[in-house]
Amino acid sequence: MARIQVNPTRMELLRLKKRLAVARRGHKLLKDKRDELMKRFLDLVRSNRDLRQEVETRLAEAFREFVLARAVLSREALESALLMGAPPLDLPVDTQNIMSVEVPVFELLFAEYRADELPYGMAGTPGELDAAIATFREILPAMLRLAEMEKTAQLLAEEIEKTRRRVNSLEYVLIPRLAETIRFITMKLDENERGNTTRLMKVKDMMVRQALEQARKFDEGVAAEREGRLA
Amino acid sequence: MTERTTAFRRPAPDTDYAYASSRVRALEARVLDGARMARLSEAQSVDEVVRAMAEAGYPSGEQPEQSLSEGLAAQAALVRDLFPEPGYDEVLLLPQDAHNLKVILKAFLSGQLPDGERFVGDETSALGEGLLAGSGSGDVPGDDLASLPRFADVPTADSLRPYALSPSLEPFQAVYEAVRDRSAGRIHPFLEAAAVAAVRAFAQDPVGSVLDAAVDRLLYDTLSRKVAALGNPWFRDFQAFRVDLLNLGVLLRVLAMGSPAGRLAQELLPGGSLPETAFLRLEGATGEQVADAFRATPLAPLSALAPEYGKPGVAARFGRLADDLLSARVRTGRRVLFGPEILLGYLHAREMEAKNLRLVLTALRNGIRSAQVRDLLRDTTF
């Protein structure tokens with residue numbers, strides 16, 4: 001693992017140790033966030049699967065009826081029948097915060113529908129169209145709920161991916177690099193320490209040797225002087 | 001104003017009808033009959049259907065739907081020209097004009113309502129004010145287009161033309177301009193009266209179905225009167241039977257939707273052999289009661305579906321059976337050479353053929369099983 005290019009100083013070591021502590025705390029928090037996001041995501045995906053199945057089944061029914069109606073009507077007749085459309089509806093979009101992810105919340109405000117409120121008359125259209133229109137109308141809130149859930153799932157998935165990358169980056173890149181750099185600086189500082197100790201010991205040794213030499217020379221001088229006096 | 005009347009019609013000499021019937025008999029051979037349609041329902045590609053359409057006299061083109069519409073219009077135009085008596089073209093084309101009028105009115109009125117506000121009682125709506133000032137009921141004979149308030153922000157005629165049907169008694173542009181400019185006396189009186197009735201009905205209850213129903217009621221009233229004026233009992237009975245079938249369909253649809261009281265009266269069409277009260281008294285009835293009520297009428301085969309109407313696929317079966325009953329009625333006029341029966345029967349057969357071809361094309365594009373298509377194919381045999 002490549003270490004960070006820094007000066008191996010005690011200051012740097014302290015700074016890096018602080019960074020490592022923050023990184024480890026961040027890593028733990030992000031892991032917790034990822035786990036919680038995953039839990040929410042899996043719950044959401046399960047409900048989403050059920051809702052999607054329901055919507056798809058009902059849409060398939062509606063399309064089957066619609067296709068049959070389409071089959072016996074000319075294009076112009078069908079277009080004209082559906083030209084007026086439905087009464088307006090409001091769709092205020094709010095947001096909700098899930099683990100710091102802003103997800104949309106749709107609230108469907110229908111104008112009051114009557115069951116028989118159709119955009120076309122019955123004389124010029126086949127009965128298959130009624131069932132299709134009724135199903136499309138009934139299914140609209142579920143489709144919006146599905147859109148809301150799928151967008152939430154998409155946003156959560158993006159956030160999980162982002163968090164996972166961050167966790168991995170901390171776990172496999174930043175923390176090991178910091179640890180490696182700290183180890184390197186510690187070793188460097190220890191080495192410096194040992195170098196200093198050795199140097200001091202060497203100096204001390206030299207000084208001792210020098211003192212011994214001086215003492216020996218002094219002793220020799222004293223001895224020679226004593227012999228001269230005796231002679 | 002293009003006033004069309006049958007008052008001064010001269011009786012057609014028998015030889016004229018003999019000629020027309022003979023020509024149509026020659027054309028009948030090209031209609032795709034039940035056996036050929038059944039084979040076509042097994043088609044694996046749209047090309048096979050296009051080839052069959054070419055054999056049946058439809059123009060070739062890249063869009064089968066377009067060819068179908070053009071071919072049908074051409075056949076109808078050919079047969080209309082063969083009618084030796086005046087008045088038939090009016091009866092045959094009036095529904096096309098009614099369709100075009102609905103397109104124009106829906107486009108004009110769909111932008112009139114402020115969001116969330118009802119049309120009636122809305123004092124800010126000029127259209128609502130103007131209409132309510134001078135209206136009592138939906139259908140006001142004698143009132144002309146000038147009595148309508150001005151429409152705001154209307155779409156262009158070109159943008160609506162793709163939804164229009166052609167040919168029609170009145171050119172689409174003429175109807176569009178007459179309604180837009182509220183010019184009285186420029187279009188067929190039926191269209192003028194229908195526009196006023198539809199806009200008034202819409203002012204009372206701003207729903208598309210109300211607008212369509214107002215036009216349709218006036219259309220079928222006009223048609224029954226014009227058909228009666230043509231003096232052909234077979235055609236009169238045929239038209240009345242068609243209205244009966246439509247009314248039974250309306251009754252079952254209203255019952256299936258659980259519509260509030262009054263909706264049935266709005267949608268029922270005049271001019272049937274059964275009075276409207278025969279249907280109105282069944283408002284709120286069960287399917288079994290409907291089946292019982294029509295057990296002794298020619299609608300019995302259809303009314304038998306009433307108990308299960310509303311279940312998936314029953315409406316489609318109802319539609320096919322209604323068309324087949326009409327086709328059976330058409331066959332009762334097959335032997336009449338000196339009258340319009342053969343010509344009208346041919347037009348009906350071509351309409352059924354077009355429905356069958358649309359069914360096959362739609363099935364091919366949407367992966368519907370051929371067995372299901374065969375169940376829905378209309379009878380085109382003569």
Side-chain angles (χ1 to χ4, degrees), chain A residues 56-92 107-139, chain B residues 65 68-69 72 95 98-99 102-103 106-107 109-110 113 115-116 162-165 206-217 219-220 246 249-250 252-254 256-260 263 267 269 309-310 312-316 318-320 323 354-355 358-359 361-363 366 368 373 376:
Chain A
E56 282 183 358
T57 310
R58 301 220 51 205
L59 268 182
E61 278 169 27
F63 274 116
R64 228 183 347 261
E65 295 287 346
F66 189 78
V67 161
L68 290 177
R70 167 73 191 86
V72 290
L73 271 183
S74 68
R75 183 188 58 79
E76 294 86 355
L78 185 67
E79 300 267 16
S80 158
L82 303 176
L83 194 62
M84 199 149 225
L89 57 88
D90 281 334
L91 184 66
E107 189 192 356
L108 186 58
L109 299 177
F110 272 117
E112 271 303 310
Y113 270 129
R114 296 200 312 257
D116 63 326
E117 204 168 306
L118 295 170
Y120 51 81
M122 291 181 177
T125 52
E128 297 92 302
L129 206 51
D130 300 348
I133 296 291
T135 313
F136 283 133
R137 191 177 284 175
E138 282 166 20
I139 213 168
Chain B
E65 282 279 342
L68 202 56
S69 300
L72 200 58
H99 166 92
K102 285 184 207 168
V103 168
K106 281 182 170 180
L109 290 170
S110 53
L113 291 174
D115 283 1
Y163 309 123
L165 290 176
V207 182
S209 58
V210 171
L211 189 148
D212 277 2
V215 175
D216 286 333
R217 276 187 65 82
L219 169 70
Y220 278 86
L246 286 170
V250 166
L252 294 182
R253 287 166 76 177
V254 166
M257 278 192 286
S259 302
R263 177 69 199 271
E267 289 278 355
L269 302 171
Y309 198 91
V314 179
F318 182 94
R320 195 215 68 193
D323 284 340
K355 273 191 185 180
R358 275 196 203 103
L359 263 169
L361 286 168
T362 310
N366 295 279
I368 299 175
V373 176
L376 297 176

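What you see is a predicted model, and the numbers here were worked out from it, not measured in a lab. Every chain is numbered from 1, with letters handed out A, B, ... down the list of sequences.
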### Task
With sequence neighbours left out, write down each residue that passes salt bridge (Lys or Arg N to Asp or Glu O under 4.0 Å) with Glu107(A), or none if nothing qualifies.
none

### Query
So do His99(B) and Ser80(A) actually touch side chain to side chain, heavy atoms under 4.5 Å?
yes

### Query
Measuring heavy-atom distances to chain A, does Leu246(B) have an atom under 4.5 Å in its side chain, in its backbone, in both, or in neither?
side chain

### Message
For Phe318(B), which atoms come within 4.5 Å of any heavy atom of chain A: side chain, backbone, both, or neither?
### Response
neither

### Message
At a 4.5 Å cut-off on heavy atoms, which part of Val314(B) comes close to chain A: side chain, backbone, both, or neither?
### Response
neither

### Task
Please report the shortest heavy-atom distance between Tyr120(A) and Arg253(B), naming the atom on each side.
CE1-NH2, 3.6 Å

### Message
Determine whether Arg64(A) and Ile368(B) satisfy the following criterion, side chain to side chain contact (heavy atoms under 4.5 Å, CB included), listing intermediate values before the conclusion.
### Response
CA-CA 9 Å; Arg64(A) 228 183 347 261; Ile368(B) 299 175; over 6 Å; no

### Task
From the options Leu252(B), Val250(B), Asp216(B), select the one residue that forms a side-chain contact (heavy atoms from CB on, under 4.5 Å) with Met122(A).
Val250(B)

### Query
What heavy-atom pair brings Ala315(B) and Gly127(A) nearest, and what distance separates the two atoms?
CB-C, 3.7 Å

#### Entry: Contact origin within Leu68(B) toward chain A - heavy atom pairs under 4.5 Å
neither

### Query
Which atom names give the shortest non-hydrogen contact between Asp212(B) and Gly121(A), and what distance separates them?
OD2-N, 2.9 Å

### Task
Between chain A and each of Gly319(B), Gly310(B), Ala316(B), Ala354(B), count heavy-atom pairs under 4.5 Å; write down the option with the most.
Ala316(B)

### Message
Can you confirm whether Tyr309(B) is buried at OH, in the sense that more than 12 heavy atoms of other residues, nucleotides or ligands lie under 6.0 Å from that atom?
### Response
yes

#### Entry: Members of residues 65-77 of chain A whose heavy atoms come closer than 4.5 Å to chain B
Glu65(A), Val67(A), Leu68(A), Arg70(A), Ala71(A), Val72(A), Leu73(A), Ser74(A), Arg75(A), Glu76(A), Ala77(A)

### chain A contact via Ala363(B) - which portion, at a heavy-atom distance below 4.5 Å
neither

### Message
Quick check: do Leu118(A) and Val207(B) have side-chain heavy atoms less than 4.5 Å from each other?
### Response
no

### Task
Can you tell which part of Ala134(A) gets under 4.5 Å to a heavy atom of chain B, answering side chain, backbone, both or neither?
neither

